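Right, one structure below, let's go through it.
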Amino acid sequence: MNKQELSAKINEVLAEEFEVDIETITPEADIKKTLDLDSLSLVDLVALIEDTFDVKIDGQDVSKIQSFDSLYDFVLGKINA
Amino acid sequence: MNWEEYFHIDRYTEEDGTHIFDVTLDPACDVYRGHFPGKPISPGVCNIGLILRCAEKVTGSHLRFTSIKQCRLTGLVTPSDTPHLTVEIQTNRTDGGTTSLRAVIRDSEKSYMDLKGELEDAD
Amino acid sequence: MTSFSEKSMPERIDINDLIPQREPVQMIDTLYEATTEEAHTGLSVSRDNIFYEGDRLSEMGLIENMAQSAAATAGVKNHLLGIPPSLGYIGEIKKCIFHSFPTDGEHLHTYVRYVSEAAGVILYDIESRTDRASCAECRMKVFIDE
C-alpha cells in the first residue's frame with residue numbers, strides 16, 4: 001500500500017467514525033482539532049487504525065502526532081515494519 | 001432498585017422541546033454502602049437509571065433501553081458534593097414505535113453525563 | 001462464544017482484590033478467567049439483586065455487570081503488581097445493545113476482551129449472555145484513578 005492509498009483509507013474511516021466532513025481532513029490539519037478528539041476519544045483513533053490496518057500501535061506514540069501527514073507516515077512505518 | 005430512595009424530583013419544566021428535571025440525590029440510598037464503602041460515589045448506571053425514570057415522566061409510559069449509542073461520563077457525581085442535578089431530556093418518537101433519546105445531566109458548574117439512546121415501551 | 005476452563009487461570013484471585021464495589025452493588029460473583037487481556041466473569045441472577053426490576057434484571061444491572069467485569073480486567077494489572085485494586089471508572093459506554101434480559105435463577109456469563117489503550121484510557125469489548133441467549137454487548141472505556 002502506498003501513501004496515497006493509505007491516506008485515502010485513513011481519511012475515509014476517520015471521517016465516518018468521528019462524523020466529520022472528509023474535506024476538512026488535509027495533510028497539514030491538526031488531528032485533535034479536526035476530529036474534536038479529547039483524552040477519552042484518542043483511544044477510538046488507536047483502535048480504528050489497529051482494526052483497519054491490522055497493526056499494533058502504542059497510544060503514547062499516537063498522542064504525540066499532530067498532523068494527518070505525520071499520522072500517514074507513522075501508520076505506513078508500522079505496516080512496513 | 002427503589003428509585004425513590006436514589007433521587008427525588010424537585011421541579012419539572014419544559015422549554016422549547018427540552019424537558020428539564022431538577023433533582024436531588026439522597027445520600028441515604030442503599031447503593032452507597034457498596035459504592036464505595038466509606039467513599040460514596042453515585043454509580044454511573046444509577047444516573048442512567050435516573051435518565052430513564054425522567055424519560056418515563058416525559059412519555060407517560062414504562063420504558064426500557066433497546067440500545068445506548070453513546071454515554072459519556074464526564075464528571076464524578078457524589079450525593080454530598082453534587083446533590084442537586086439537572087437532567088435535560090429531548091425525545092423523538094420514531095415510526096418503529098421506539099423513542100430516541102438525548103439526555104444531559106449537569107449542574108451550574110459542569111456536565112456529568114451525556115447520553116444518546118433508544119427506548120421502547122416495556123409493557 | 002469461547003468458554004474458558006478454570007484451570008487456565010494463573011492463580012485463584014478474589015473478586016474483592018480486583019474491584020472495590022461491595023454489596024449490595026457487587027455485580028459479579030464468580031471469576032472464571034482474568035488476565036490483562038481478557039476476562040470471563042459470572043453472576044447468579046436473583047430477584048433479590050438490587051438491579052432486578054419486575055420480572056428481570058434491568059438494563060442498569062447488565063451495564064453494571066459489564067462495567068465491573070471490565071474494571072476487574074483492568075484491576076488484574078494492579079493485582080499482578082501486588083498493590084490494592086485501583087478504582088476503575090467507566091468513562092464511556094458505546095454501541096451498547098440489549099438483546100434479552102436474564103431472569104431469576106439464570107447464570108450470566110460475561111466476556112471481556114482488551115481492544116486498545118491510549119492516554120490512560122483502556123478500551124474493552126464486552127458481551128454478556130446466559131446459557132439460553134445473548135443479553136447485551138457494548139464497548140467500554142475504563143480509566144484508572146491512580
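Because the structure is a prediction, the values reported are computed rather than measured. Residue numbering restarts at 1 for every chain, and letters A, B, ... go by the order of the sequence lines. Values reported hereafter were calculated over all heavy atoms of this structure, with side chains retained and with hydrogens, waters and symmetry mates removed.
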Please list every donor-acceptor pair closer than 3.5 Å that links chain A with chain C, giving the two atom names and the distance for each.
residue : atom : partner  : partner atom : Å
A/Glu17 : OE2  : C/Lys94  : NZ           : 3.1
A/Leu40 : O    : C/Lys141 : NZ           : 3.0
A/Asp44 : OD1  : C/Lys94  : NZ           : 3.4
A/Asp44 : OD1  : C/Lys141 : NZ           : 3.3
A/Asp44 : OD2  : C/Lys141 : NZ           : 2.5
A/Glu50 : OE1  : C/Ser116 : OG           : 2.5

Item to complete: Identify which part of A/Val62 has an atom lying under 4.5 Å from any heavy atom of chain C, answering side chain, backbone, both or neither.
Response: neither
Worksheet entry | Test item: C/Leu57 and C/Met27 side chains (from C-beta on) under 4.5 Å apart, heavy atoms | yes
Practice prompt. Hey, could you give me the CD1/CD1 distance between A/Ile25 and A/Ile10, rounded to the nearest 0.5 Å?
Written response: 9.5 Å
Discussion item. Parallel, tilted or perpendicular: which one describes the rings of C/Phe98 and C/Phe101, with boundaries at 30° and 60°?
Written reply: parallel
Worksheet item: Do A/Val75 and A/Ile57 pass the side-chain contact (heavy atoms from CB on, under 4.5 Å) test, and can you show the C-alpha distance, the side-chain angles, and the key distance before you say yes or no?
Response: CA-CA 8 Å; A/Val75 177; A/Ile57 56 178; 5.7 Å; no
Discussion item. Are C/Leu62 and C/Pro102 packed together at the side-chain level, in the sense that at least one heavy-atom pair is separated by less than 4.5 angstrom?
Written reply: yes
Discussion item. For A/Ile65, give me all partners under side chain to side chain contact (heavy atoms under 4.5 Å, CB included), at least two apart in sequence or on another chain.
Written reply: A/Ile31, A/Ser70, A/Leu71, A/Phe74
